[in-house]
Enquirer: 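I'd like to ask some things about the structure below.
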Amino acid sequence: MEEAARGSLLDIESLEAAELLTLLRSARRMNPLRPRPLLRGKRVVLLFYESSTRTRSSFEIAAKSLGAQTVLVQASGSSIEKGESLLDTGDTLRAVGADVIVIRHPSSGAARVMAAHLDIPVINAGDGMHEHPTQALLDAYTILQHKKSLKGLQVAIIGDIVHSRVARSDCHLLSKLGAKVVLCGPPELAPDLAATIAPGVRVTRHLEDALRGTDVVMLLRVQKERLAGLKIDLNQYIVRYQMTLARLKLARRDAIVMHPGPINRGLELAGDVADCPQARILEQVRNGVPVRMAVLARALGK
Amino acid sequence: MAHLKSKSGSLLIKGGHLVDPAAGVNALMDVLLRDGQVAEVAAPGKIKGGADEKFDARGLMVAPGFIDLHVHLREPGQSHKETIVSGTAAAAAGGFTSVCTMPNTVPVVDTVEWVVWLQSPERGAIVNVFPVAAATRGSQGVQLSDFRGLQSAGAVAVTDDGKPILDDNIMREALRLGGELNLPVVQHAEDTRVTEGRPMQEGANSFRMGLRGQTAAAEASIVERDVHLAQQFPNARLHVAHLSASDSLKAVRRGKKNRVRVTCEVTPHHFALTDEDIRDYDANYKMNPPLRSASDREALLVALADGTVDAIATDHAPHALHEKEMEFERAASGITGLETALGLAITRLHKQHGIPIARILELFTAGPARVFNLQGRGTLARGSVADVTIFDPKKKWTFEAAKSLSLSKNTPFDGWVLTGKVMATILGGRVVWRG
Ligand SMILES: [Zn+2]
């Protein structure tokens, strides 16, 4: 396989801690309210094979805040729907003048395969169940607005781990920056294998175990259809794993609550948890923009 | 098989180290080939009389021509991946003088006409091609094909390879009828009801990559069932293709102990790699069965050494670049393997794991000849077919996929340094490839 072009961001796993810290530092200098024309004249193609409101709009605003033009290409209603291959689409977008491609794709590894084929940077905006690196960066950015450092923190990630690209990226990033990660859920959603993903990651079945002494409570979306497919009783799940205000008291008093969205009130979290003072869910969304500005600027060497 | 013209005349292979496991020979010997047959085997310098040609094999090993029970030559219908000409050229370069070609082509080889077509001299095969025909019509798994007719036309076995014969009754019938005809039924053992959408082995790497994993039980459960079915017919011959899982070996061992006529083959990629080797979503690491766990690989190494495994077969599965360079879960399964098989076997099985060369050669010659009843092949005993592979067991070389003779370059072994290189491939007394 060919190397990806410089500036690509395909995953967190292959980045070193220093690079992550540089990106986070760069993000702190970015502000969508004070646009900087670092990418004036550049074309950022947003290639979305899956619909996504927050990631897409966040990248779009980030790119525009840096003075770039954006072009949205969606799978439906395009040549992709007519069976064009991933690499042919990449070649086409390169030929029309894309300077960077931001790709969201339902298959794990799609961003890597495209990046290996192209000589322009590719940014992974979520590939299958694999990684969602900009989400992990904005999660770290958000945590660091409330905690001095990630080193020594305990982060509990609760819910559907196995199908989550956010969980994988978060595990890599938190591990590299010295946090301890506790993954929590039933074996079908949080398999023991998950602990092998990075150093400092463990799995527990017990919510109390995950919450006790934790600094960050990160909840993941749990889909009803998925529980049904895995023959997990919905009510049982709620009884054992739903985050409630009472349970949140088990965590450290200054713990923050995060969620990559979209949230399912009444499933992975009780409605009042989403609105409680410890919740940082909308802040995460807001932080996505400066983080993606930093990622786009890095992609084009700025 | 194709009636390739054997050279009238004679060729004396002098000074080589002959390893003929079927004949129990492992010593310096000269071999005289005459009129397409082995005329004489004798201690160095003891063969009297002249020969039209001589081959100086000093420092080299001389073995019966290798036999590959499992290749996909892609004709008819998929000549953008491989042709009989290119596939058999790659076979010759890998030391194979006989290849058994799988029927999952377009159309499926399920008729006498296609079996004959595959063997026609017009195909231009460079080595012997033995067709394996479809076990069921169109390999749909519903209605058995005409075993008797296919066998008379030259099919050496039947299979629905590419997919399994899942239906219990169809598999039972295939084994029963195959048994009557002494025709092996080759099973691609995969319970496709549980592997759908699972492109690799379940493990730490599948979790890390975010790919759904399948377990080895998907293979072993079918092998267990098949051994059980084969046991019901004393003459039935079950051959397990590309066996990859530790638990499948247990079923094969149990069968062999209970006098079931069950045989199995293992591919070089399954003894050389594990699921942990898959990187960067490179589909050159995607095959079916998938690369298994380290413990499965360990079990294969034991079984290759102890005699449980009957043959090394490549499952040579060429695919065009555009069929591989895509999303991992959508990419075609399979890799090329003819030119790397011997090097991988010597490098990994012999040098790394101490399996004797003679045992390795048994897996390339006598073993596969026995599995598919290839009379007069797999040995260089006097009177047998003059198919010979001559190789240098110590020579180090670098495999370059770009220089492969196969039309396709889909291999994870590009750039590997291997020990053991084919120096000449002789078919019916005629040198068809020289290294
Ligand atoms: Zn197969």
Side-chain angles (χ1 to χ4, degrees), chain A residues 1-4 8 10-14 49 80 83-91 103 105-118 124 126-132 161-169 171-172 175 183 189-198 201 203 229, chain B residues 80 193-194 196-216 273-286 290-295 319-333 335 401-402 409-416:
Chain A
M1 282 282 226
E2 299 290 319
E3 290 285 312
S8 293
L10 303 177
D11 55 35
I12 297 291
E13 187 183 8
S14 62
Y49 288 80
I80 296 162
E84 186 176 63
S85 79
L86 180 64
L87 296 192
D88 284 337
T89 302
D91 285 338
I103 178 175
H105 198 286
S107 290
S108 298
R112 161 74 60 182
V113 172
M114 178 168 272
H117 182 74
L118 292 177
N124 181 6
D127 63 325
M129 309 189 315
H130 175 226
E131 283 218 36
H132 191 353
I161 312 290
V162 74
H163 299 103
S164 173
R165 51 193 171 213
V166 175
R168 285 177 180 79
S169 282
C171 283
H172 287 302
S175 170
L183 304 173
L189 299 182
D192 291 334
L193 266 180
T196 61
I197 193 163
V201 178
V203 173
Chain B
H80 68 286
R193 294 163 296 198
V194 297
E196 168 89 40
R198 299 176 181 275
M200 70 181 284
Q201 170 80 0
E202 182 174 270
N205 204 20
S206 71
F207 182 83
R208 192 183 63 81
M209 293 173 71
L211 292 170
R212 289 181 172 80
Q214 54 175 275
T215 64
L273 300 170
T274 71
D275 63 330
E276 289 292 324
D277 291 307
I278 303 172
R279 313 181 282 270
D280 296 342
Y281 299 90
D282 182 349
N284 285 327
Y285 291 86
K286 181 180 179 186
L291 295 174
R292 299 286 187 197
S293 69
S295 65
H319 291 292
L321 191 60
H322 71 269
E323 296 163 324
K324 277 293 199 182
E325 265 196 2
M326 60 195 308
E327 300 88 322
F328 192 87
E329 54 199 0
R330 292 183 58 209
S333 289
I335 60 169
K409 317 296 175 193
N410 51 309
T411 164
F413 302 117
D414 188 25
W416 278 43

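Chain A is the first sequence line, chain B the second, and so forth, proteins listed ahead of strands; every chain is numbered from 1.
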Enquirer: Quick check on B:E325 against chain A: is it the side chain, the backbone, both or neither that has a heavy atom closer than 4.5 Å?
Expert: both
Enquirer: Can you sort out the partners of A:H105 under ring-ring contact (aromatic ring centres under 6.0 Å, His included), two or more places apart, ordered by chain and number?
Expert: A:Y49
Enquirer: Does any backbone or side-chain atom of A:T196 lie under 4.5 Å from a heavy atom of chain B? Answer side chain, backbone, both or neither.
Expert: side chain
Enquirer: In chain order, what residues pass the side chain to side chain contact (heavy atoms under 4.5 Å, CB included) check against A:S175, with sequence neighbours excluded?
Expert: A:A198, A:P199
Enquirer: Give, as side chain, backbone, both or neither, the part of A:E13 having an atom under 4.5 angstrom from any heavy atom of chain B.
Expert: side chain
Enquirer: If I measure from the heavy atoms of chain A, does B:R212 come under 4.5 Å with its side chain, its backbone, both, or neither?
Expert: both
Enquirer: Answer yes or no for A:R112 and B:F328: cation-pi contact, defined as NZ/CZ to six-membered ring centre under 6.0 Å and angle to ring axis within 45°.
Expert: no
Enquirer: What closest approach, in Å, do B:A331 and B:A283 show between heavy atoms, and which atom pair accounts for it?
Expert: CB-CB, 3.5 Å
